[in-house]
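In this text the structure is predicted, and so the values were computed from the model without any measurement. Counting begins at 1 with the first residue of the sequence. Side chains included, hydrogens not; waters and symmetry mates left out as well; all remaining heavy atoms used.
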Amino acid sequence: MIATVEEIQAAKAILAEVQAELRQASILFDEAMEVGIMVEVPSAVLIAEHLATEVDFFSIGTNDLSQYVMACDRTNPQVASLADGLHPAVLRMIQQTVQAGHQAGISVGLCGELAADSLAVPILLGLGLDSVSLNPQAIPRFKQVIVQLTAQEAQAIANSALQQDSAAKVRAIVSSALSSTIDTY
């Protein structure tokens, strides 16, 4: 889990050493390979504009990010419900990461269970993510939602979600906004 710029710089130094060894051994590799990081901890989000200058892309890991933003153990049944990717605090962390990445000219993707949550789809689109990683079973539902929304509708839903104070309220506003558009919610 990357939390500091120094960690990226150290990893890139190791990568450069390995690339030099491969060149010396005449072993081919992708010279143009991109280097990115998973954004999974709040410290990475808070310095995302600095991290973005060191990498080619971000991938937001929502499972870990939700757990650490909400200061809970998602494997502990007594507090696991707090690790909710639709909590406005988590959504604001996603928003901040996307903004920092885009300001630096890098792509920002998202992986984790949040991408498979149908209620999250309009918010993720509205926040401007460049890509999501989904399990194959979730792809048809994701497509079903995105084809029925305009970018402006998704942005309006995301903006409204960011103004809420709980994940339950986020779910309610998304459900309400989608009920007129998508019958199966």
Subject >> Euclidean distance, D130 CG relative to S107 OG, rounded to 0.5 Å >> reply: 5.5 Å

Original post:
Say you draw a straight line from CZ of R141 to CD1 of I146; how long is it, rounded to the nearest 0.5 Å?
Top reply: 12.0 Å

Original post:
In the hydrophobic cluster built from side-chain contacts under 4.5 Å, what are the other members alongside Y68?
Top reply: M1, V41

**OP:** Would you indicate whether the side-chain heavy atoms of Q148 and E153 approach each other to under 4.5 Å?
**Re:** no

**OP:** Please answer whether the main-chain N or O of V35 pairs with a side-chain N or O of D56 as donor and acceptor at a distance below 3.5 Å.
**Re:** yes

Original post:
Is any side-chain heavy atom of I123 less than 4.5 Å from a side-chain heavy atom of L162?
Top reply: no

Original post:
If we only count heavy atoms from C-beta on, is the I60 to L114 side-chain gap below 4.5 Å?
Top reply: no

Original post:
Would you say S59's side chain and V108's backbone share a donor-acceptor pair under 3.5 angstrom?
Top reply: no

Subject >> Audit row: S118, Q144, side chain to side chain contact (heavy atoms under 4.5 Å, CB included) steps and yes/no >> reply: CA-CA 9 Å; S118 297; Q144 181 183 6; over 6 Å; no

**OP:** Using a 4.5 Å cut-off on heavy atoms from C-beta on, say whether the side chain of L86 contacts that of L91.
**Re:** yes

Subject >> Neighbour count above 12 (heavy atom, 6.0 Å) for L28 CG >> reply: no

**OP:** Would you indicate whether the side-chain heavy atoms of D117 and R171 approach each other to under 4.5 Å?
**Re:** yes

Original post:
Taking all non-hydrogen atoms of both residues, which atom of E40 and which atom of D64 are closest, and how far apart?
Top reply: OE2-OD2, 3.1 Å

Sequence neighbours left out, cut at 3.5 Å: what donor-acceptor pairs do the side chains of residues 42-52 make with other protein atoms?
none

Original post:
Under the 3.5 angstrom rule, does the side chain of T97 hit a backbone N or O of M93 as a donor-acceptor pair?
Top reply: yes

Subject >> Gap separating the CD1 atom of I106 from the CD1 atom of I37, nearest 0.5 angstrom >> reply: 7.5 Å

Subject >> Closest approach of G36 to V55 (non-hydrogen atoms, all atoms of both residues) >> reply: CA-CB, 4.0 Å

Original post:
Do V147 and I157 belong together in a cluster built from hydrophobic side chains that touch within less than 4.5 Å?
Top reply: yes

Original post:
How about Q95 and R92: does a side-chain donor come under 3.5 Å of a side-chain acceptor?
Top reply: no

Original post:
Linking I/L/V/M/F/W/Y whenever their side-chain heavy atoms sit closer than 4.5 Å, directly or via other members, would L134 and F57 fall into one cluster?
Top reply: no

**OP:** Report, as yes or no, whether the 6.0 Å neighbourhood of atom CD on Q78 holds more than 12 heavy atoms from other residues, nucleotides or ligands.
**Re:** no

Original post:
Any idea which heavy atoms bring P88 and Q164 closest together, and the distance?
Top reply: CG-O, 3.2 Å

Original post:
So, for P122 and V174, which heavy atoms are closest and what is the spacing to 0.1 Å?
Top reply: CG-CG1, 3.9 Å

**OP:** For A115 and V132, work out which heavy atoms get closest and say how close.
**Re:** CB-CB, 4.1 Å

Original post:
Taking S176 for the side chain and I173 for the main chain, is one N or O donor matched with an acceptor at less than 3.5 Å?
Top reply: no

Output a table of donor-acceptor pairs, distance under 3.5 Å, between side-chain atoms of residues 8-20 and any protein atom two or more places apart or on a different chain; print 'none' if there are none.
from	atom 1	to	atom 2	distance (Å)
Q9	NE2	E54	OE2	3.2
K12	NZ	E54	O	2.8
K12	NZ	E54	OE1	3.1

**OP:** Work out which heavy atom in V90 is nearest to a heavy atom in G85; give both atom names and the distance.
**Re:** CG1-O, 3.6 Å

Original post:
So which of L124, L119, L125, V121 actually passes side chain to side chain contact (heavy atoms under 4.5 Å, CB included) with V145?
Top reply: V121

Original post:
Between Q67 and N63, is there a donor-acceptor pair closer than 3.5 Å when you use the side chain of the first and the backbone of the second?
Top reply: no

